[in-house]
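To start, the structure under review is shown below, and the notes come after it.
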Amino acid sequence: MNFGCDYYPEHWPEERWTKDIQMMAEAGFNVVRLAEFAWSKLEPEEGQYDFDWLDRAIKILAENRIRIILGTPTATPPAWLARQYPTIFRVDEKGIRSSFGGRRGYCPNSSIYRDYSQRIVLELAKHYKNNENVIGWQIDNEFGGLCYCKSCLKEFRKWLKEKYSTLEQLNKEWGTIFWSQTYTDWDEIPLPRQLDTAHNPSLLLDYRRFISDSYISYQKLQIDILRKSYPHKFITHNFMGLFNGIDYYKLAEPLDFVAWDNYPNLKSMEENKSLANENIVKVSLSHDLMRGLKRQNFWVMEEESGPPGWEYVEPTPPPGRIRLWTYQAIAHGADGILYFRWRTSRFGTEQFWHGILDQAGVTTRRYEEIRKVGQELQSVGSKLIGLEFPQEVAILTSYDEQWAFGIQPNNPQFNYQEHFASYYRILNRWNIPVDVVSIRADLSKYKLVIAPALFLINDELVENLKEFVKKDGTLIITFRSGVKNWNNVVLEEPLPGKLNDLLGIEVVEYDSLPSQQKCKLKLIYPEIEPLSGECNIWCDIIKCGGAEVIGRYAQSYYKGEACVTINRFGQGCAIYIGTNPSPEIKESILKWATEKSGVRSSFPADSKDLEVVLRRKEGKNCLFFLNHSGEDNHVKLDSAYVELLENRKYAKGSIMTIEPKGVKILWET
Ligand code: GLA
Ligand code: ZN
């Protein structure tokens with residue numbers, strides 16, 4: 001297992017390095033990330049490079065058998081560069097330019113910044129070309145951020161020209177006849193800066209795509225340089241879980257693997273059970289999303305290892321929590337874990353973003369906990385790397401859909417990610433492994449696919465879904481699907497548009513509910529136990545074509561009308577949920593859908609806080625039991641296993657106890 005931390009030797013006197021690195025080695029670390037914000041130390045003056053200090057740190061690390069990932073330092077330009085070229089900084093919606101002093105302030109389209117970035121990356125590449133202790137690269141740091149500067153404006157127009165070829169086409173696709181927006185010259189097209197009203201939704205969506213593409217092309221500049229010098233070393237970037245400012249599927253494409261930064265929100269985690277559960281599920285969802293970006297295992301490049309905070313200090317991870325997060329990550333597909341950061345900085349913005357050690361530099365409780373994990377991984381880690389995931393259920397997402405809902409949430413209560421998570425959460429609680437994948441992914445491996453709110457639709461997506469259902473797949477689609485084309489323009493067909501024949505329905509009317517308002521509904525399908533409940537946010541009023549009714553409204557002027565339906569299509573079926581039912585109703589539908597499609601749970605456990613994740617390697621099952629609660633959990637084993645961490649055998653039928661925040665890893669014998 002790749003196990004280590006993010007280390008900033010440049011923040012500490014050199015006399016201390018050896019001690020720190022020895023402590024890392026004692027904790028079982030075999031990899032660190034270095035240098036990702038160290039531009040001013042690597043290039044103190046323009047064209048004057050100094051890699052000696054980094055070489056010395058790498059040497060001590062290598063002597064302690066710790067390998068290195070080098071971060072390219074471009075998230076923090078040096079002061080000399082900022083002073084010479086203030087235009088490298090981003091401009092906000094109001095037209096105000098950012099300035100030196102923070103992080104990630106640069107514009108990805110600044111040609112000056114691109115130029116200087118390439119130079120420093122090239123120098124690093126040349127210098128470390130033959131250094132075998134450097135095993136890979138992390139490009140920049142947590143890409144993201146909107147910009148409305150002149151360079152972006154110029155590039156945006158170029159981007160649009162490439163996309164639409166002619167202005168006539170752009171005018172047509174965007175519907176610029178509305179509010180007299182017809183463009184007669186490319187130079188008339190604005191960036192969506194702040195207005196008293198709101199911009200054209202098509203322009204807004206293209207702008208989000210353009211910004212995303214800008215970071216992707218900026219990343220490519222660096223990748224191209226590194227690939228040339230380092231064809232045999234890996235290149236990654238540290239992603240941010242549920243962050244949706246960039247199309248992460250596209251950003252991940254040219255990388256060898258995805259890495260991400262996991263800072264679970266501990267606020268109220270200990271005392272408020274339901275909030276705590278939300279957070280745990282969010283972490284699992286983020287891991288699954290990150291694994292789905294390339295449909296392969298990933299790394300956690302920054303794992304929380306102390307109380308985070310800039311101005312305020314957030315809660316401290318209580319005993320056992322860091323260990324549990326570590327195994328949760330491995331369970332969901334991490335092949336590497338690095339804790340952020342080795343030692344808490346004495347200065348700078350992140351003085352209170354605590355790492356493994358505090359500023360004092362002595363052993364901490366958190367260090368001891370991580371050292372214990374290190375010992376465990378030294379004995380079992382190689383077994384846990386490269387575990388496969390069972391592929392029975394997928395939830396689909398796309399950044400285009402997320403952006404479109406960001407522009408128009410449709411209902412003030414509707415939050416795409418929350419809607420998405422509401423389905424994921426139920427499956428996670430039942431310990432049903434879920435892949436979160438792109439709408440373009442090959443779905444043939446899955447039995448059940450959930451496609452929440454496919455607001456934008458295109459032929460390719462419809463075909464992908466139809467192919468899946470035809471061959472005996474079970475598909476669930478939810479409300480606000482099929483509404484718009486890929487350019488964010490509403491379709492002319494009755495809803496759900498291009499999905500009509502797949503779903504066998506027509507949405508004849510809809511009702512967007514005011515906040516707090518709920519509507520009653522009933523499940524009435526013979527295969528499902530009758531159940532009454534409520535829904536909120538949105539009510540589609542459905543007329544069935546070929547579909548059968550699963551649920552009907554029990555209130556309002558649409559009382560008795562269909563709200564949940566099922567349609568046979570080929571050998572499979574497509575279920576439509578035209579509203580946002582309460583959790584019990586969603587559970588009831590999902591329970592039936594999973595049973596019907598033959599989806600298995602990793603391990604049927606009925607505790608909300610006991611997460612069980614099934615993985616596989618060389619034909620053997622591997623089960624992770626993660627007890628997120630503060631109480632013991634007991635499970636009866638369905639077969640004989642070896643527990644890896646304690647190296648203990650369990651016979652079939654025996655009862656295993658998982659202590660609070662405890663972890664058990666069972667290997668099928
Ligand atoms: C991000 C960055 C880290 C650190 C933490 C805490 O994840 O990648 O460098 O700044 O946030 O703020
Ligand atoms: Zn810009």
Side-chain angles (χ1 to χ4, degrees), residues 5-8 10-11 32-39 69 71-77 85-99 102-114 117 138-159 190-193 207-208 210-215 217-218 236-243 245 259-266 286 290 299-314 338-345 347-356:
C5 67
D6 305 300
Y7 179 38
Y8 300 88
E10 68 275 23
H11 296 179
V32 297
R33 182 193 65 191
L34 298 176
E36 118 261 48
F37 298 124
W39 195 339
I69 297 169
T72 67
T74 47
T76 47
Y85 303 107
T87 58
I88 61 170
F89 291 105
R90 284 193 270 126
V91 169
D92 73 9
E93 235 188 331
K94 294 193 183 117
I96 297 167
R97 191 180 291 283
S98 180
S99 53
R103 178 177 67 179
R104 288 229 51 72
Y106 70 83
C107 164
N109 286 311
S110 152
S111 55
I112 295 166
Y113 199 67
R114 288 180 159 234
S117 303
Q138 172 194 300
I139 310 261
D140 204 282
N141 177 271
E142 297 186 338
F143 283 129
L146 301 173
C147 183
Y148 302 82
C149 78
K150 278 193 188 141
S151 308
C152 284
L153 179 60
K154 202 172 122 218
E155 290 303 315
F156 183 47
R157 289 169 180 162
K158 235 163 81 188
W159 186 95
L191 285 172
R193 283 204 176 166
Y207 170 70
R208 295 304 299 263
F210 157 74
I211 287 292
S212 173
D213 280 356
S214 303
Y215 284 104
S217 94
Y218 175 79
T236 186
H237 170 71
N238 54 338
F239 291 64
M240 291 187 278
L242 302 180
F243 171 79
W260 81 284
D261 299 343
N262 182 25
Y263 295 100
N265 183 357
L266 261 175
S286 306
M290 295 295 103
W299 287 32
V300 176
M301 195 58 94
E302 298 180 13
E303 177 66 75
E304 182 169 330
S305 67
W310 283 8
E311 288 77 26
Y312 303 103
V313 182
E314 306 275 337
L338 282 79
Y339 299 98
F340 185 86
R341 50 190 278 159
W342 168 245
R343 182 171 169 185
T344 317
S345 180
F347 34 69
T349 310
E350 297 193 345
Q351 283 168 316
F352 297 131
W353 201 287
H354 294 73
I356 303 170

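Just so you know, ligand 1 is whichever comes first in the structure, and atom 1 is the first atom listed for that ligand.
Close approach of ligand 1 to N238 is summarised as follows: ligand atoms under 4.0 Å from at least one heavy atom of the residue are 8 (O). Close approach of ligand 1 to F37 (heavy-atom distance below 4.0 Å) involves ligand atoms 9 (O). Counting the atoms of ligand 1 from 1 in the order shown, those under 4.0 Å from a heavy atom of W310 are 12 (O). With ligand atoms numbered from 1 in the order given, ligand 1 contributes 1 (C), 2 (C), 7 (O), 8 (O) to contacts under 4.0 Å with heavy atoms of E142.
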Given the rule in the ring-ring contact (aromatic ring centres under 6.0 Å, His included) test, do Y207 and Y148 qualify, once you have shown the distances and angles that lead to the verdict?
CA-CA 10 Å; Y207 170 70; Y148 302 82; 5.0 Å; yes
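For the pair R90 (side chain) and L146 (backbone), a donor-acceptor distance under 3.5 Å is present.
Polar contact check, R103 against ligand 1: a nitrogen or oxygen pair lies under 3.5 Å apart. The distance criterion of under 3.5 Å between nitrogen or oxygen atoms is met by E350 with respect to ligand 1.
Closest protein heavy atom to atom 3 (C) of ligand 1: E302 OE1, 3.2 Å. In terms of protein heavy atoms, atom 5 (C) of ligand 1 is closest to Y263 OH, 3.6 Å.
Residue contacts with ligand 1, taken as heavy atom pairs separated by less than 4.0 Å, involve N141 solely via side-chain atoms from C-beta onward. Proximity of R341 to ligand 1, defined as any heavy-atom pair under 4.0 Å, is not found for any part of the residue.
Between W159 and F156, the two ring planes are parallel [angle under 30°; tilted spans 30° to 60°]. Ring planes of Y113 and Y218: parallel class, angle under 30° (limits at 30 and 60°).
Around the OH atom of Y312, the shell of radius 6.0 Å holds no more than 12 heavy atoms that belong to other residues, nucleotides or ligands.
A donor atom on one side chain and an acceptor atom on the other are not found under 3.5 Å apart for R341 and Y339. No side-chain donor from either of E155 and N109 sits under 3.5 Å from a side-chain acceptor of the other. A side-chain donor-acceptor contact under 3.5 Å links Y8 and R33.
The angle that C152 SG and C147 SG make at the Zn ion (ligand 2), rounded to 10°, works out to 110°.
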